There are 2 protein chains.
Amino acid sequence: MKRKVILGIDGGTASTVCICMSLTPFDQPLPDPLPILARAVAGCSNHNSVGESAARETLENVMADALAKSRSTRASVQAVCLSASGVDHPKDQHHILTWLREIFPMHVRLFVENDAVAALSSGTMGKLHGCVLIAGTGTIAYGFTEDGREARAAGAGPVLGDWGSAYGISAQALTAVIRANDGRGLQTTLTQNILDKLNLSSPDELIGWTYSDPSWARIAALLPIVVSCADAGDLAAINILFDAVHELASSVKAVVARLELCGEDGKDPFPLVMVGGVLEANKRWDIGSEVINCISKDFPGVLPIRPKVEPAVGAALLAWSSLMRQCHQEASTS
Amino acid sequence: MKRKVILGIDGGTASTVCICMSLTPFDQPLPDPLPILARAVAGCSNHNSVGESAARETLENVMADALAKSRSTRASVQAVCLSASGVDHPKDQHHILTWLREIFPMHVRLFVENDAVAALSSGTMGKLHGCVLIAGTGTIAYGFTEDGREARAAGAGPVLGDWGSAYGISAQALTAVIRANDGRGLQTTLTQNILDKLNLSSPDELIGWTYSDPSWARIAALLPIVVSCADAGDLAAINILFDAVHELASSVKAVVARLELCGEDGKDPFPLVMVGGVLEANKRWDIGSEVINCISKDFPGVLPIRPKVEPAVGAALLAWSSLMRQCHQEASTS
């Protein structure tokens with residue numbers, strides 16, 4: 001019999017990754033290492049960024065590429081989980097599902113989820129339970145209960161309060177330079193460090209630099225400078241990072257409280273998957289650890305997880321878990 | 001002898017206004033009412049927005065229009081003061097001066113200033129001394145000493161800390177709605193009021209609305225809703241307005257302190273000209289009055305002025321004052 005496979009796709013604004021994983025028997029635990037057959041990479045598949053037909057073409061190509069690399073065919077696919085940024089609404093979900101269904105026959109299980117879902121799954125190895133905190137260029141906290149309820153906090157972009165993101169931290173750092181320069185704020189080593197990095201000669205030039213390009217990622221890239229300055233004891237930088245820690249912890253706490261992930265007494269254990277450049281900074285000033293400290297004061301049961309696999313693998317594991325549950329249900333009702 | 005005139009121009013992003021004023025004898029005080037002969041209005045003349053040749057054409061046309069309406073000719077012009085947004089650098093100033101010099105002969109006095117200068121002058125009737133606080137879509141504080149030193153604070157746009165502006169206040173209000181909705185923040189009446197105003201049915205829809213159009217003025221237009229909610233006692237709205245008051249006062253205090261406008265003991269009187277929609281809200285919750293309260297705690301000599309004439313008249317008065325000083329100097333040295 002031909003080998004059966006699962007496709008897991010992480011569709012982001014920067015790139016799209018597709019994993020092809022072998023479908024292992026459900027009566028056995030997942031093999032270690034995971035039975036990953038192939039990995040393919042393509043460009044942006046966020047339909048909000050590149051438009052629908054380009055996004056669709058990218059996704060078709062990356063799936064075909066992963067199948068070819070794993071010497072599999074479309075007919076061997078049992079499930080596809082596409083976890084993509086920009087899927088924020090049931091309408092987006094339905095739209096993409098309809099289109100995937102045109103490609104894959106009815107027996108293939110299809111899942112379309114927000115990119116936060118793959119990130120959670122990459123930490124919980126396919127189980128949709130607990131909370132994921134993503135803090136990269138943007139930030140979002142997303143939570144799931146075992147009975148299928150979900151909640152999110154933040155994720156509304158830089159204008160609408162994503163202050164714990166790399167963009168938010170970096171914009172605060174730029175602002176601290178402007179404020180130090182005009183006398184509203186503390187003098188800070190951020191000034192010289194940021195000007196050096198950007199090859200500018202005065203804080204006034206930061207204004208032109210900031211508005212010359214609307215890309216959030218360009219500003220977010222200043223994060224390492226803020227962490228270095230905080231490491232060296234700069235008070236303005238330290239204040240910015242503590243504010244960010246408070247913001248990130250507050251997103252998680254809002255999700256945990258709404259879903260009662262911590263149980264009625266607030267002390268039950270729950271997984272918190274932590275993903276993204278802001279949380280991975282492992283300098284002396286470790287934002288991720290500070291966030292965990294802040295959350296554990298209110299919710300001592302928090303179990304932080306730093307995923308060992310990438311989100312596309314998380315997406316594949318999610319499809320695997322779902323197929324396994326379906327298989328067990330069918331077995332118990334037959 | 002043909003009547004001599006002065007042109008005062010307020011060149012903004014929304015519109016450009018040119019005032020033609022009769023040049024009255026310098027040995028007499030300015031007449032009341034002011035000898036304004038004509039007023040002409042045109043579109044945007046910010047060279048950063050519409051490009052240089054369009055800005056230049058708009059300015060030429062609006063001056064020609066004001067001269068025609070006042071039955072004057074270009075030959076009767078003794079001074080031109082152009083106060084324009086986007087003039088932030090000596091290089092901008094020099095560039096526009098060179099161009100104005102192509103139009104007007106050498107004996108005509110030319111002044112090119114930031115738009116804040118005309119706003120200050122509209123409150124001080126042409127005297128460049130004191131501080132002006134502008135809080136409209138954006139915000140800036142600008143100060144001048146009698147011996148020609150100047151300083152500014154804020155004015156770096158929404159990404160770089162102009163939080164006391166109408167844009168800043170409105171963005172905070174939108175953020176408060178998102179935070180109330182996802183459990184991070186207080187419940188607030190801003191939610192229903194903003195959704196009603198924008199014809200949206202849920203806070204999630206605010207995200208699409210916010211990023212669908214990059215215009216700062218569109219978001220800034222929500223200011224009256226925030227003031228109304230604060231008037232009705234909404235705590236989230238009140239907190240936002242107090243933060244804005246603190247930000248606006250801090251810009252003024254930074255300028256006053258750097259220029260020592262308050263004298264060495266911090267108690268000398270100095271004019272503070274207050275301009276823009278944020279400061280003109282005269283509801284029960286009066287942002288302008290709160291800003292003055294906040295400043296006068298540190299600088300009891302603050303003398304708030306709400307201008308009775310428009311900035312273009314301020315520009316004309318600035319040119320008038322400068323010609324008068326020159327005339328007196330020439331008289332005293334002859």
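Note that this is a predicted model, so its numbers are computed, not measured. Lettering of chains follows the sequences in order, A, B, ..., and the numbering in each one begins at 1.
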Exercise. Under the side chain to side chain contact (heavy atoms under 4.5 Å, CB included) rule, collect the residues that match up with B:Ala244, sequence neighbours excluded.
Key: B:Ile169
Quiz item: Which of the residues B:Gly183, B:Ala153, B:Gly185 is involved in the greatest number of heavy-atom pairs with chain A at under 4.5 angstrom?
Solution: B:Ala153
Quiz item: Who among A:Ala154, A:Ala257, A:Ala151, A:Gly161 has the most heavy-atom pairs with chain B under 4.5 Å?
Solution: A:Ala154
With 3.5 Å as the limit, can you list every donor-acceptor pair between chain B and chain A, backbone and side chains included?
{"from": "B:Ala154", "atom 1": "N", "to": "A:Asp182", "atom 2": "OD2", "distance (Å)": "2.8"}
{"from": "B:Ala156", "atom 1": "O", "to": "A:Tyr211", "atom 2": "OH", "distance (Å)": "2.7"}
{"from": "B:Gly157", "atom 1": "O", "to": "A:Tyr211", "atom 2": "OH", "distance (Å)": "3.3"}
{"from": "B:Val159", "atom 1": "N", "to": "A:Tyr211", "atom 2": "OH", "distance (Å)": "3.1"}
{"from": "B:Val159", "atom 1": "O", "to": "A:Thr175", "atom 2": "OG1", "distance (Å)": "3.2"}
{"from": "B:Thr175", "atom 1": "OG1", "to": "A:Val159", "atom 2": "O", "distance (Å)": "3.2"}
{"from": "B:Arg179", "atom 1": "NH1", "to": "A:Glu247", "atom 2": "OE1", "distance (Å)": "2.9"}
{"from": "B:Asp182", "atom 1": "O", "to": "A:Arg258", "atom 2": "NH1", "distance (Å)": "2.8"}
{"from": "B:Asp182", "atom 1": "OD2", "to": "A:Ala154", "atom 2": "N", "distance (Å)": "2.8"}
{"from": "B:Tyr211", "atom 1": "OH", "to": "A:Ala156", "atom 2": "O", "distance (Å)": "2.7"}
{"from": "B:Tyr211", "atom 1": "OH", "to": "A:Gly157", "atom 2": "O", "distance (Å)": "3.3"}
{"from": "B:Tyr211", "atom 1": "OH", "to": "A:Val159", "atom 2": "N", "distance (Å)": "3.1"}
{"from": "B:Glu247", "atom 1": "OE1", "to": "A:Arg179", "atom 2": "NH1", "distance (Å)": "2.9"}
{"from": "B:Arg258", "atom 1": "NH1", "to": "A:Asp182", "atom 2": "O", "distance (Å)": "2.7"}

Quiz item: Shortest non-hydrogen contact from B:Leu160 to A:Ile207?
Solution: CD1-CA, 3.9 Å
Exercise. Between chain A and each of B:Val177, B:Val255, B:Leu174, B:Leu206, count heavy-atom pairs under 4.5 Å; write down the option with the most.
Key: B:Leu174
Quiz item: Considering only heavy atoms, which portion of A:Ile178 lies under 4.5 Å from any heavy atom of chain B: side chain, backbone, both, or neither?
Solution: side chain
